[in-house]
A.B. asks: 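Please read through the structure below; I'll follow up with questions.
It should be emphasised that the depicted structure is a prediction, and the values quoted were computed from it without experimental measurement. So you know, we letter chains A, B, ... as the sequences are listed, proteins then strands, and number each from 1. Atoms considered below: every heavy atom in the structure, side chains included; atoms not considered: hydrogens, waters and symmetry mates.
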Number of protein chains: 2
Amino acid sequence: MDSLARILRPESVAVIGASRDVDRISGRPVHLLRQHGFGGRIYPVNPKYDEIEGLRAYPRIADVPEPVDLAIVVTPARAVVDVVRQCAEAGVRAALVLSSGFGEAGEDGRVLEEELRGIRRTSAMRILGPNSEGFFNVTAGIPAGFSPAMDYERGLTVARRGPVGVVAQSGGMGFAVFNRGLDLGLGFSQVISTGNEVDLTLVDYLEHLVADPDTRIILAFVEGLRQAPRLKAVAEAAHAAEKPLIVAKVGRTEAGRRAARSHTGSLVGRDVVYEAAFRQWGVLRADDLDDLLDWAMFFSINRRPVHGRRVAVLTASGGGGVWLSDWLVASGLEVPELEPAVRERLGTFVPPYGSTVNPVDLTAQAASGGGLERALEVLGQSERVDAVAMIMPLAPEERTVARGPGLKAALGAHHKPVVNFSYRLPTPRAAAVMEELGIPSFPSPARTARALAAAARWHTWRPAAGVSPAADAPTLPPGPWTEAVVKAALGRAGIPVTREILARSADEAVAAAEALGYPVAVKVQSSALAHKSDIGGVRLRLQDAEAVRRAWTAVMEAAAKARPDVPLDGVLVQEMVPDGVEVIVGTTVDPDFGPVVMVGLGGVFAEALADVAVRVAPVDAATAREMLGGLRGRALLEGARGRPAADVEALAAVVARISAVAAAWSDTVAQLDLNPVMVHPRGQGAVVVDAWAVPTEKGA
Amino acid sequence: MDSLARILRPESVAVIGASRDVDRISGRPVHLLRQHGFGGRIYPVNPKYDEIEGLRAYPRIADVPEPVDLAIVVTPARAVVDVVRQCAEAGVRAALVLSSGFGEAGEDGRVLEEELRGIRRTSAMRILGPNSEGFFNVTAGIPAGFSPAMDYERGLTVARRGPVGVVAQSGGMGFAVFNRGLDLGLGFSQVISTGNEVDLTLVDYLEHLVADPDTRIILAFVEGLRQAPRLKAVAEAAHAAEKPLIVAKVGRTEAGRRAARSHTGSLVGRDVVYEAAFRQWGVLRADDLDDLLDWAMFFSINRRPVHGRRVAVLTASGGGGVWLSDWLVASGLEVPELEPAVRERLGTFVPPYGSTVNPVDLTAQAASGGGLERALEVLGQSERVDAVAMIMPLAPEERTVARGPGLKAALGAHHKPVVNFSYRLPTPRAAAVMEELGIPSFPSPARTARALAAAARWHTWRPAAGVSPAADAPTLPPGPWTEAVVKAALGRAGIPVTREILARSADEAVAAAEALGYPVAVKVQSSALAHKSDIGGVRLRLQDAEAVRRAWTAVMEAAAKARPDVPLDGVLVQEMVPDGVEVIVGTTVDPDFGPVVMVGLGGVFAEALADVAVRVAPVDAATAREMLGGLRGRALLEGARGRPAADVEALAAVVARISAVAAAWSDTVAQLDLNPVMVHPRGQGAVVVDAWAVPTEKGA
């Protein structure tokens with residue numbers, strides 16, 4: 001049993017700051033525990049009372065006759081630190097702080113939070129919250145908190161037990177998911193409001209739910225993760241335990257606004273990193289409340305894995321079939337043509353004005369009288385089909401009920417998952433028939449398709465090969481750095497860079513050019529000049545010594561004029577590489593996820609389109625290839641009309657290696673922009689042409 | 001009263017092929033008319049019966065004692081043509097053919113449809129269908145057809161009358177919309193299944209519903225429009241009548257597959273044209289069944305116009321507010337900061353741990369006890385707000401009911417529309433309270449945001465200035481054409497093209513180059529060579545006579561080698577224009593909508609990204625500018641880092657003029673590809689550098 005299990009299923013609970021007024025938050029915890037018939041010990045703590053709801057009240061937690069499993073704290077914020085310290089001293093296992101007025105309320109609150117963290121550091125007691133709405137252990141029938149969602153006197157009708165565990169960084173939304181899920185017929189194991197997470201974080205609760213035998217499906221509402229990198233292991237454990245992990249992460253557009261374009265790395269908005277991490281780690285991201293609940297419903301009802309993306313559509317309405325097919329394809333699934341043998345079997349009962357291609361249009365006539373059931377059986381046996389999506393209205397109720405046995409027989413003939421789109425809303429009895437059959441049903445083509453697509457993503461996800469930060473990454477000198485320094489380090493790290501020589505005088509520049517061979521580029525070097533070419537500090541395609549001499553003078557003067565304040569390191573004389581596809585590779589250190597790598601098409605594309613793929617670093621070459629395949633402009637790499645295909649393998653290797661080096665450097669290098677990386681035709685490699693790095697505070 | 005009104009509200013109905021078996025389609029129409037207490041005359045027609053359901057049956061329509069308003073035909077397909085002809089001869093106003101087995105069943109059926117069209121051409125009788133499920137005049141209580149959706153014995157409970165009219169090209173989906181709408185509480189005026197539309201089309205029915213006084217909101221399910229261009233006038237009439245027109249158009253992905261990339265014009269998939277037309281003409285496109293019904297619900301309940309895109313979010317849950325804001329912005333709306341005066345008013349009752357910025361987070365404490373109502377009043381009076389989106393759970397029911405008067409007072413303080421997201425599903429009574437208040441409520445943040453955004457699009461849509469095909473477009477000679485011929489015609493039409501001279505010998509080419517001035521381009525000319533440069537038929541940047549001579553030989557030999565079968569017209573000697581932003585402008589003649597214009601960024605962008613904007617032609621310059629603004633790569637036109645902004649005004653003028661010329665040419669020119677059009681810096685114009693045209697059968 002994991003340590004959280006005991007906290008979330010306490011046998012003894014103290015409520016510190018408890019009052020007799022059930023209309024106030026302070027009066028609710030005791031009232032709710034009793035309302036739900038909590039079987040353990042309850043100790044109200046408040047020096048103002050002798051008893052509350054017939055229970056003896058204690059002046060302080062130290063007076064309570066046992067070290068309780070859980071202390072629920074509802075005192076005003078200013079008293080919380082003392083109370084929590086007393087809890088720790090009294091041997092309380094965990095303190096759940098419901099009080100508000102902490103980090104969310106400003107600087108004073110942040111100071112209080114820091115004090116709570118201090119208590120946690122010096123004791124074994126865990127802290128939940130503060131500013132939490134509490135939790136509801138639905139399986140055990142234990143409400144710890146004040147949410148009206150767990151109050152039979154304020155709206156709760158049945159606290160239906162079931163496989164769905166919920167963790168939320170917004171108590172309001174967490175209990176909203178619970179509320180609405182109950183309305184829809186879902187059953188729950190746990191609902192947890194994390195609050196401000198001074199100790200236990202959302203990731204801790206997720207880890208608990210993965211281990212919790214009563215939870216089979218995990219929903220999370222996320223605003224921003226503490227301990228984000230730990231999500232990887234938790235998500236992998238969820239896959240190993242076959243417990244779908246579905247997350248609604250809000251703040252998409254705010255993150256989008258933050259994205260700036262002046263640096264390649266800053267194209268990475270933070271939400272983009274969440275999106276990347278969820279995809280990499282096999283976490284399902286649900287954008288809407290409907291999706292979150294639909295997908296929980298799908299996994300709750302359907303127990304058959306969706307092994308691939310090929311879907312047979314089965315309909316009695318041609319128009320509905322097109323609509324559903326549109327949405328299946330838009331959701332990332334396929335609606336392939338069926339094999340001749342299957343079409344032949346269908347043809348024995350589908351009339352000529354129907355269709356056996358896919359969508360299979362039975363027509364209304366053939367759908368009734370057993371046709372739907374026969375088609376379901378046949379489609380489930382197709383070798384070209386991973387799942388069947390059908391359109392069967394669930395009203396009138398009697399018809400759904402009457403169809404149960406026939407559908408059951410058809411489902412028994414194969415192991416493929418089946419999902420249904422019903423444009424009519426089912427009665428509870430009709431819904432129960434479908435649930436019993438194991439067929440999730442949704443009221444719109446979009447929601448049907450998205451639920452099936454999410455399940456296919458879940459079941460076909462495979463972890464990437466393990467990659468570690470580059471243990472052999474060379475050490476950088478203290479920053480800031482010039483291009484020459486960064487590229488020398490990259491070169492030592494095994495990343496192909498242009499051949500180049502640093503020159504401190506015009507003569508040295510000419511000598512360097514002669515050594516490299518013409519044509520060359522000349523680029524002024526200063527650790528303070530991020531955009532050399534913008535100030536005229538770069539000259540390209542120099543063909544002879546005279547040109548190099550002129551370039552020396554020109555770039556040194558241009559730099560001195562543009563930025564008289566910064567010292568110059570001379571110029572970098574660089575081989576000119578043949579034209580190819582220009583690509584940007586960048587890395588940043590995300591405040592939540594740590595090192596992140598991005599790749600995008602370069603030149604005007606990067607400026608105009610922000611078409612970049614992002615992953616948490618490091619990545620292996622296979623993931624790097626997948627990143628390149630996800631670019632809108634990937635056709636450029638594949639060889640658009642008349643152009644040779646680019647060396648994607650070499651580029652993927654460069655991206656992977658850079659990601660590993662950046663991960664190793666993340667203490668000292670905050671941002672790395674390789675722009676451009678020139679990708680040559682297949683077999684001819686890729687080379688870093690320009691590089692810029694921004695040091696962290698520690699790396700400067 | 002429009003002519004369809006009488007047909008859809010008949011006073012006398014014959015049912016031809018009527019039978020006594022109510023389980024068969026032939027037995028349903030009479031049965032349903034009687035079930036609904038139809039007040040007019042019913043005449044069953046079938047030589048096999050003397051009476052049906054107590055009504056006298058007639059052997060033939062000619063025997064019926066009056067020329068009926070509507071004849072419903074349910075005979076087998078092979079008998080339909082004769083029956084319909086007899087109806088026409090008997091003076092029937094309209095024949096509704098429910099029978100299947102026409103165009104949808106293959107070639108024989110298409111022949112039958114042609115015969116029906118022949119009857120229509122020679123008589124005044126209108127034909128509905130064939131292969132229709134009929135119509136249900138809900139306002140008048142007249143079911144004409146066989147759908148179980150209008151059968152009280154097969155699932156219909158209450159045929160709620162109301163403002164929503166439905167027309168569908170899939171009877172199944174049309175009645176599905178009706179069914180589901182009833183489940184959700186919508187009221188309907190008409191439900192019409194168009195069938196195969198040999199005469200009356202979906203557009204005809206839309207036109208009727210725009211005129212119909214009982215209809216205030218129009219929903220359509222579209223697979224592909226006949227008479228698509230007429231939709232423009234109908235949509236404009238719908239706007240004039242303030243009747244939102246909401247269309248679900250399926251077949252998106254099939255159309256996507258059809259898009260090919262080898263020609264610029266063929267980047268136009270047909271669904272893209274529907275999307276363009278809907279946007280141009282102010283038709284709301286709903287992608288999902290939920291949206292279709294949600295939006296109908298929005299317009300049914302809310303009567304306040306949404307005059308702009310600025311939304312105030314009002315919530316008691318911080319997390320919910322972020323979620324809803326994300327979706328509002330993702331749906332094209334704005335969530336702006338509120339003005340200080342409004343924030344100050346809110347600050348008098350919003351606690352410090354809430355927020356008055358926008359989203360306005362009241363916190364749970366302030367939301368109860370009148371805070372929500374006060375905030376709603378204050379926000380409605382903000383000058384920075386066009387609408388308020390709030391989050392108020394509609395359960396428990398009593399709370400919603402209790403809030404009614406307070407909300408009503410708050411709404412009375414201003415004229416801004418208000419929409420609500422409730423994560424709890426309302427009881428019918430709670431829903432009625434909101435409906436009475438005029439506040440539409442939706443169960444997810446995405447659906448709430450999309451409904452409000454659709455309403456904003458509806459209310460802020462303005463028709464483009466009227467544009468006609470270019471009456472002064474020059475006549476083209478019979479095709480196929482060379483680049484020289486097409487560009488000469490474009491030049492005569494007032495479109496800027498490169499200066500160029502056709503040369504039939506090397507000497508002529510040199511003379512042409514001398515006349516134009518160096519540098520020049522040389523391009524082989526043949527009306528059979530669409531891709532000159534792919535076969536080596538183009539030489540650029542020629543600096544002198546010798547280079548032109550060599551180019552003459554090279555391009556003529558290359559063309560002769562690549563395509564020995566085609567005659568060559570010599571070469572076009574052309575000025576070299578300065579570099580600029582390359583753009584593609586293309587036109588096609590869409591089978592549904594007629595002339596269509598598209599514009600996209602050129603060069604590698606067009607190949608790699610298919611980033612194009614499409615509109616039905618002709619367009620005015622303002623619309624052309626809007627097209628350019630809709631390109632993902634528009635930053636290239638605006639002047640990406642270090643580049644000057646392009647002459648967007650000149651380009652818009654070119655696009656507009658080309659669209660007008662192409663519209664004038666649509667009989668003879670099937671496709672026009674101007675690639676590239678070179679756009680120079682602001683004030684310096686845009687010029688067509690290369691052009692290709694494909695003739696229609698008539699134009700060849």
Side-chain angles (χ1 to χ4, degrees), chain A residues 100-101 104-106 109 154-155 168-170 172-173 176-177 179-180 183-184 221 223 248 250-254 287-290 316-320 322-323 325-327 329-330 352-353 364 393 395-396 423-425 443-447 534 604 607-609 632-636 640-642, chain B residues 100-101 104-106 154-155 168-173 176-177 179-180 183-184 221 223 248 250-254 287-290 316-320 322-323 325-327 329-330 352-353 364 393 395-396 423-425 443-447 534 604 607-609 632-636 640-642:
Chain A
S100 293
E104 81 283 4
R154 293 169 195 243
Q169 290 185 322
S170 155
M173 283 299 107
V177 167
N179 257 321
R180 174 71 169 285
D183 290 346
L184 296 174
F221 179 89
E223 298 182 7
V250 299
R252 238 185 221 283
T253 52
E254 188 196 17
D287 279 331
D288 190 32
L289 180 58
D290 279 342
S317 151
V322 179
W323 209 353
S325 300
D326 272 358
W327 273 106
V329 173
Y353 53 97
Y423 47 80
R424 306 247 1 219
L425 301 178
S444 92
R447 289 165 61 184
D534 287 4
V604 290
E607 299 290 339
L609 296 176
R632 289 200 301 266
R634 63 184 169 277
L636 273 193
R641 204 167 89 197
Chain B
S100 294
E104 80 285 2
R154 293 169 196 245
Q169 291 185 320
S170 156
M173 283 300 105
V177 167
N179 256 320
R180 174 69 171 287
D183 290 346
L184 295 175
F221 180 90
E223 297 182 6
V250 299
R252 236 184 222 283
T253 53
E254 189 195 19
D287 279 331
D288 191 32
L289 179 58
D290 279 341
S317 151
V322 179
W323 209 353
S325 300
D326 271 358
W327 273 107
V329 173
Y353 52 98
Y423 47 79
R424 304 246 1 216
L425 301 178
S444 92
R447 289 164 62 184
D534 286 4
V604 291
E607 301 289 341
L609 296 178
R632 287 200 302 267
R634 63 184 171 277
L636 273 193
R641 203 168 89 195

A.B. asks: List the steps, then state whether salt bridge (Lys or Arg N to Asp or Glu O under 4.0 Å) holds for A/R447 with B/D288.
C.D. replies: CA-CA 9 Å; A/R447 289 165 61 184; B/D288 191 32; over 6 Å; no

A.B. asks: Tell me, do A/L289 and B/P445 make a side-chain contact under 4.5 Å, heavy atoms counted?
C.D. replies: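 Side-chain contact under 4.5 Å: yes.
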
A.B. asks: Quick check against the 3.5 Å criterion: does B/R180 have a side-chain atom that pairs as donor or acceptor with the backbone of A/S444?
C.D. replies: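 No, because the side chain of B/R180 does not come within donor-acceptor range (under 3.5 Å) of the backbone of A/S444.
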
A.B. asks: Answer with side chain, backbone, both or neither: which region of B/R634 has an atom nearer than 4.5 Å to a non-hydrogen atom of chain A?
C.D. replies: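 When you check distances to chain A, no heavy atom of B/R634 falls under 4.5 Å.
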
A.B. asks: State, with a plain yes or no, whether a side-chain heavy atom of A/L184 is found less than 4.5 Å away from one of B/L425.
C.D. replies: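 Yes - at least one pair of side-chain heavy atoms lies under 4.5 Å apart.
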
A.B. asks: Looking only at heavy atoms and a cut-off of under 4.5 Å, which of B/G633, B/G101, B/P443 has the most pairs with chain A?
C.D. replies: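 Ranked by contacts with chain A, first place is B/P443.
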
A.B. asks: Please assess B/R424 against A/D183 for the test salt bridge (Lys or Arg N to Asp or Glu O under 4.0 Å), listing each intermediate value before the final yes or no.
C.D. replies: CA-CA 7 Å; B/R424 304 246 1 216; A/D183 290 346; 3.5 Å; yes

A.B. asks: Determine the option with the most heavy-atom pairs under 4.5 angstrom with chain B, choosing from A/A446, A/G319, A/S170.
C.D. replies: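 With the most close heavy-atom pairs to chain B, the winner is A/G319.
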
A.B. asks: If you count heavy-atom pairs within less than 4.5 Å of chain B, which of A/S317, A/A316, A/S100, A/G106 leads?
C.D. replies: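 Max contact count across the listed options: A/S317.
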
A.B. asks: Counting distance only, does the side-chain N/O of B/W323 pair as donor-acceptor with the main-chain N or O of A/M173 below 3.5 Å?
C.D. replies: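 Answer holds: no.
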
A.B. asks: Which bit of A/A176 is near chain B, if near means a heavy-atom gap under 4.5 Å: side chain, backbone, both or neither?
C.D. replies: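 A/A176 touches chain B through backbone and side-chain heavy atoms alike.
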
A.B. asks: Can you tell me which portion of B/E223 sits under 4.5 Å from chain A's heavy atoms? Options are side chain, backbone, both or neither.
C.D. replies: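 Only the side chain of B/E223 comes within 4.5 Å of chain A.
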
A.B. asks: Atom CG of A/D287 and atom CG of B/D326: how far apart are they, to the nearest 0.5 Å?
C.D. replies: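 Spacing of CG (A/D287) from CG (B/D326) equals 8.5 Å.
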
